[in-house]
Engineer: 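Next up is a structure, given as structure tokens.
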Amino acid sequence: GAVVSQHPSRVICKSGTSVKIECRSLDFQATTMFWYRQFPKQSLMLMATSNEGSKATYEQGVEKDKFLINHASLTLSTLTVTSAHPEDSSFYICSARGGAPEAFFGQGTRLTVV
Amino acid sequence: DAKTTQPNSMESNEEEPVHLPCNHSTISGTDYIHWYRQLPSQGPEYVIHGLTSNVNNRMASLAIAEDRKSSTLILHRATLRDAAVYYCILRDLGGMRFGAGTRLTVKP
């Protein structure tokens, strides 16, 4: 299947700092990318949808000023968690889709805010 | 979004077939049925998808009811590596919304 690479796989940051997570589609052009968050023992929660070159659409309850999403090219989307706090600690996962119905997921990023 | 219902957990013995059911009674005509699985601390892995007809690939088979209100993911011979949470998802054009999924345990 198609490959989606997410980086870093884990990151620890201090409270109040910002963290950027990258998501790349390696062998296809991702017209749409999605960002999810997953807390322990819970399912994935869709945070936002981004189309290349346009602003992301955020799900209800997700703060767009806190979770900045940029989808500047057909192979790269970034999620920046701004002014991170311990409650932002979670497993963040990106997903990318090209022209096919199926989407492919990154390996996930474990964020720990201390 | 149309919702899916799956059992919380299932068990299987290694080398035996596994049938994972999914109910989606409010499915619309343009919804694809997708199956993904997730191992601990990893992103979901694509398994299979279909629209109306049954589908086979190297990982699994997908049997779709004639009225499309239910489907079954079939793993023909379960291995220990198949132990994971399996998600049945309906998708039209937007992002995939995950339910709780079925946690599959494979016993040696």
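Labels below follow one simple rule: chain letters A, B, ... track the order of the sequence lines, proteins then strands, and each chain is numbered from 1.
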Engineer: Can you tell me which portion of B:Gln38 sits under 4.5 Å from chain A's heavy atoms? Options are side chain, backbone, both or neither.
Structural biologist: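 When you check distances to chain A, only side chain atoms of B:Gln38 fall under 4.5 Å.
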Engineer: Do any N or O atoms from the side chain of B:Tyr32 and from the backbone of A:Glu102 form a donor-acceptor pair under 3.5 angstrom?
Structural biologist: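 Such a contact is absent between B:Tyr32 side chain and A:Glu102 backbone.
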Engineer: Within a reach of under 6.0 Å around CG of B:Asp67, are more than 12 heavy atoms found that belong to other residues, nucleotides or ligands?
Structural biologist: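 Yes, because the 6.0 Å sphere around CG of B:Asp67 holds more than 12 heavy atoms from other groups.
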Engineer: Any chance CD of B:Glu66 has more than 12 other-residue heavy atoms, nucleotides or ligands included, within less than 6.0 Å?
Structural biologist: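 Not more than 12 within 6.0 Å, no.
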Engineer: Given a strict heavy-atom distance threshold of 4.5 Å, which part of A:Leu46 is in contact with chain B: side chain, backbone, both, or neither?
Structural biologist: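 Contact with chain B involves the side chain of A:Leu46 alone.
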Engineer: Quick check on the hydrophobic clustering: are A:Met47 and A:Ile21 connected, directly or via other members, by side-chain heavy-atom contacts under 4.5 Å?
Structural biologist: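 Shared cluster, yes.
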Engineer: Specify the closest pair of heavy atoms between A:Arg110 and B:Ser41, including all atoms of both residues, with the distance to one decimal.
Structural biologist: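 For A:Arg110 and B:Ser41, the tightest heavy-atom pair comes out as NH2-OG, 3.5 Å.
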Engineer: Side chain, backbone, both or neither: which part of A:Gln38 has an atom under 4.5 Å from a heavy atom of chain B?
Structural biologist: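 Looking at A:Gln38, just its side chain touches chain B.
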Engineer: Establish whether A:Met33 and A:Leu68 are linked, either directly or via other cluster members, by ILVMFWY side-chain heavy-atom contacts under 4.5 Å.
Structural biologist: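 The answer is no; the residues belong to distinct hydrophobic clusters.
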Engineer: Can you check ring pair (Phe, Tyr, Trp, His ring centres under 6.0 Å) on B:Tyr36 and A:Phe105, steps first, answer last?
Structural biologist: CA-CA 10 Å; B:Tyr36 286 79; A:Phe105 289 79; 5.2 Å; yes
Engineer: Under 6.0 Å from the CZ atom of B:Arg103, do we count more than 12 heavy atoms belonging to anything else shown?
Structural biologist: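 For B:Arg103, atom CZ is not crowded (no more than 12 foreign heavy atoms under 6.0 Å).
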Engineer: Taking B:Arg97 for the side chain and A:Met45 for the main chain, is one N or O donor matched with an acceptor at less than 3.5 Å?
Structural biologist: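 It does not hold such a pair.
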Engineer: Examine B:Leu73 and B:Val106 and state if one hydrophobic cluster contains both, with Ile, Leu, Val, Met, Phe, Trp and Tyr joined whenever side-chain heavy atoms are less than 4.5 Å apart.
Structural biologist: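 Yes, because B:Leu73 and B:Val106 connect within a single hydrophobic cluster, where side-chain heavy atoms sit under 4.5 Å apart.
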Engineer: Heavy-atom pairs under 4.5 Å with chain A are the metric here; pick the option from B:Ala100, B:Gly99, B:Pro44 that has the most.
Structural biologist: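 Option with the greatest count: B:Pro44.
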Engineer: Name the option with the most non-hydrogen atom pairs under 4.5 Å to chain B; the candidates are A:Leu44, A:Val4, A:Thr57.
Structural biologist: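 Option with the top pair count is A:Leu44.
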Engineer: For a quick test of reading the model, state the closest non-hydrogen atom pair linking B:Tyr87 to A:Ser43 and the distance between them.
Structural biologist: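 Nearest pair, atom of B:Tyr87 first, then A:Ser43: CE2-OG, 3.4 Å.
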Engineer: Among A:Gly106, A:Pro101, A:Gly108, which has the most heavy-atom pairs under 4.5 Å with chain B?
Structural biologist: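 Top count of heavy-atom pairs under 4.5 Å with chain B: A:Pro101.
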Engineer: Start with the C-alpha distance between A:Ser95 and B:Met96, add both sets of side-chain angles, then the distance that settles side-chain contact (heavy atoms from CB on, under 4.5 Å), and finish with yes or no.
Structural biologist: CA-CA 9 Å; A:Ser95 170; B:Met96 296 195 179; over 6 Å; no
Engineer: B:Ile74, B:Ile33: one ILVMFWY side-chain cluster at the under-4.5 Å cut-off?
Structural biologist: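 Hydrophobic grouping puts B:Ile74 apart from B:Ile33.
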Engineer: Please check if atom NE2 in B:His76 has more than 12 non-hydrogen atoms from other residues, nucleotides or ligands closer than 6.0 Å.
Structural biologist: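 Buried by this count: over 12 neighbours within 6.0 Å.
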Engineer: Got more than 12 heavy atoms from elsewhere within 6.0 Å of NZ, A:Lys66?
Structural biologist: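 Yes.
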Engineer: Is the distance between the ring centroids of B:Phe98 and A:Tyr36 under 6.0 Å?
Structural biologist: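 Ring-ring flag for B:Phe98/A:Tyr36: true, centres closer than 6.0 Å.
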